[in-house]
**Student:** 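To start, I am sharing the structure in question, which I have written as structure tokens.
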Amino acid sequence: NAGVTQTPKFQVLKTGQSMTLQCAQDMNHNSMYWYRQDPGMGLRLIYYSASEGTTDKGEVPNGYNVSRLNKREFSLRLESAAPSQTSVYFCASSVRGGGRGTYGYTFGSGTRLTVV
Amino acid sequence: KQEVTQIPAALSVPEGENLVLNCSFTDSAIYNLQWFRQDPGKGLTSLLLIQSSQREQTSGRLNASLDKSSGRSTLYIAASQPGDSATYLCAVRDTGANNLFFGTGTRLTVIP
């Protein structure tokens, strides 16, 4: 049981380049999330998908897009990378979203992205 | 907006000591609270999840308590070991929210 798998683990981009971060979970969770972690800021929610077919903005969505490809997969796309997007990106999943359910979150191991 | 604070930001203790990590939150209308561990360069590992109706949860040497009315949670680690060295994160899920609000963590070092 792999849990939440993120690819790639590391990436260096030049300003203006685009890329997609991939995330897949094998726990049959309904909800999936993308967070970024910056020093001194804690983790902040970028986008989430409460269930297959739905996506919503989180706290810091600007410069990102997401796709909930199916129940297992949730991708994060940077269309035109900027140095301010240098961060560690975490994907997470949970059984239910929308403030309901009684289960916690499971996180992937993260993607370290550097934009130069 | 929910604000989560963790104090202290860093803590060093000798091996074998019992210790308490603190987490406070501003809005008591929470659904649950989760404690995570993060090792350097790694992802988050869930340690304990406390529902809003619960007062505490225990797992091995770890005990987490929740006082929702005062907006506080503590993580108690008994008989600390060098392997406990990591950053401990507290996260709160509000009622009706699709988000976890994270504190900035406490970096724990257990000295052999």
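In the text below, chain A, chain B and the rest are named by the order of the sequence lines, each starting its count at 1.
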**Student:** Would you mind telling me which of B:A91, B:G43, B:G103, B:S46 has the largest number of heavy-atom pairs within less than 4.5 Å of chain A?
**Tutor:**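 The option with the most such pairs is B:G43.
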
**Student:** CZ of B:F101 to CG of A:L45: how many Å apart, nearest 0.5 Å?
**Tutor:**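 Nearest 0.5 Å value for the CZ-CG distance: 8.5 Å.
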
**Student:** Side chain, backbone, both or neither: which part of B:L100 has an atom under 4.5 Å from a heavy atom of chain A?
**Tutor:**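 Backbone plus side chain of B:L100, per the 4.5 Å heavy-atom cut-off to chain A.
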
**Student:** Less than 4.5 Å apart, side chain to side chain, heavy atoms only: is that true for B:Q38 and A:F90?
**Tutor:**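 In short, these two side chains touch, coming nearer than 4.5 Å.
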
**Student:** Assess whether atom CZ of B:R107 is packed by more than 12 heavy atoms of other residues, nucleotides or ligands within 6.0 Å.
**Tutor:**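 Not more than 12 within 6.0 Å, no.
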
**Student:** Dump the intermediate steps for ring-ring contact (aromatic ring centres under 6.0 Å, His included) on B:F36 and A:Y105, then the final yes or no.
**Tutor:** CA-CA 10 Å; B:F36 294 90; A:Y105 286 51; 7.6 Å; no

**Student:** For the atom pair CD (A:Q37) and CZ (B:F102), what is the distance rounded to the nearest 0.5 Å?
**Tutor:**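 Rounded to the nearest 0.5 Å, the CD-CZ separation comes out at 8.5 Å.
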
**Student:** Examine B:I77 and B:V13 and state if one hydrophobic cluster contains both, with Ile, Leu, Val, Met, Phe, Trp and Tyr joined whenever side-chain heavy atoms are less than 4.5 Å apart.
**Tutor:**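 In one cluster: yes.
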
**Student:** Enter the distance from A:S94:OG to B:L49:CG here, rounded to the nearest 0.5 Å.
**Tutor:**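 If I round to the nearest 0.5 Å, the distance is 10.5 Å.
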
**Student:** At a 4.5 Å cut-off on heavy atoms, which part of B:Q6 comes close to chain A: side chain, backbone, both, or neither?
**Tutor:**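 B:Q6 has no heavy atom closer than 4.5 Å to chain A.
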
**Student:** I'd like to know whether CZ of B:R55 has more than 12 heavy-atom contacts from other residues, nucleotides or ligands below 6.0 angstrom.
**Tutor:**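 Atom CZ in B:R55 is not crowded, with 12 or fewer foreign heavy atoms closer than 6.0 Å.
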
**Student:** Do B:L75 and B:L108 share a hydrophobic cluster, counting only Ile, Leu, Val, Met, Phe, Trp and Tyr and linking them when any side-chain heavy atoms are less than 4.5 Å apart?
**Tutor:**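 Yes, it is one cluster - the side chains of B:L75 and B:L108 are joined through contacts under 4.5 Å.
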
**Student:** Find out if a path of hydrophobic residues (ILVMFWY) with successive side-chain heavy-atom gaps under 4.5 Å connects B:L21 to B:L62.
**Tutor:**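 Yes; B:L62 is reachable from B:L21 via cluster members.
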
**Student:** Under a 4.5 Å side-chain heavy-atom rule over Ile, Leu, Val, Met, Phe, Trp and Tyr, are B:Y31 and B:V4 clustered together?
**Tutor:**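 No, it is not one cluster - the side chains of B:Y31 and B:V4 are not joined through contacts under 4.5 Å.
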
**Student:** Taking everything shown except B:R72 itself, do over 12 heavy atoms lie less than 6.0 Å from its CZ?
**Tutor:**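 Incorrect, the count does not exceed 12.
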
**Student:** Among the options B:L44, B:T104, B:T45, pick out the one with the most heavy-atom pairs lying under 4.5 Å from chain A.
**Tutor:**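 Top count of heavy-atom pairs under 4.5 Å with chain A: B:L44.
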
**Student:** Between A:E59 and chain B, with a heavy-atom cut-off of 4.5 Å, which part of the residue counts as in contact: side chain, backbone, both or neither?
**Tutor:**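 Side chain of A:E59 only, per the 4.5 Å heavy-atom cut-off to chain B.
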
**Student:** Need one label for A:R112: side chain, backbone, both or neither, based on atoms under 4.5 Å from any heavy atom in chain B.
**Tutor:**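 The side chain, not the backbone.
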
**Student:** Please say yes or no: joined through hydrophobic side-chain contacts below 4.5 Å, possibly via intermediate residues, are A:M32 and A:L21 part of one cluster?
**Tutor:**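 Yes, same cluster.
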
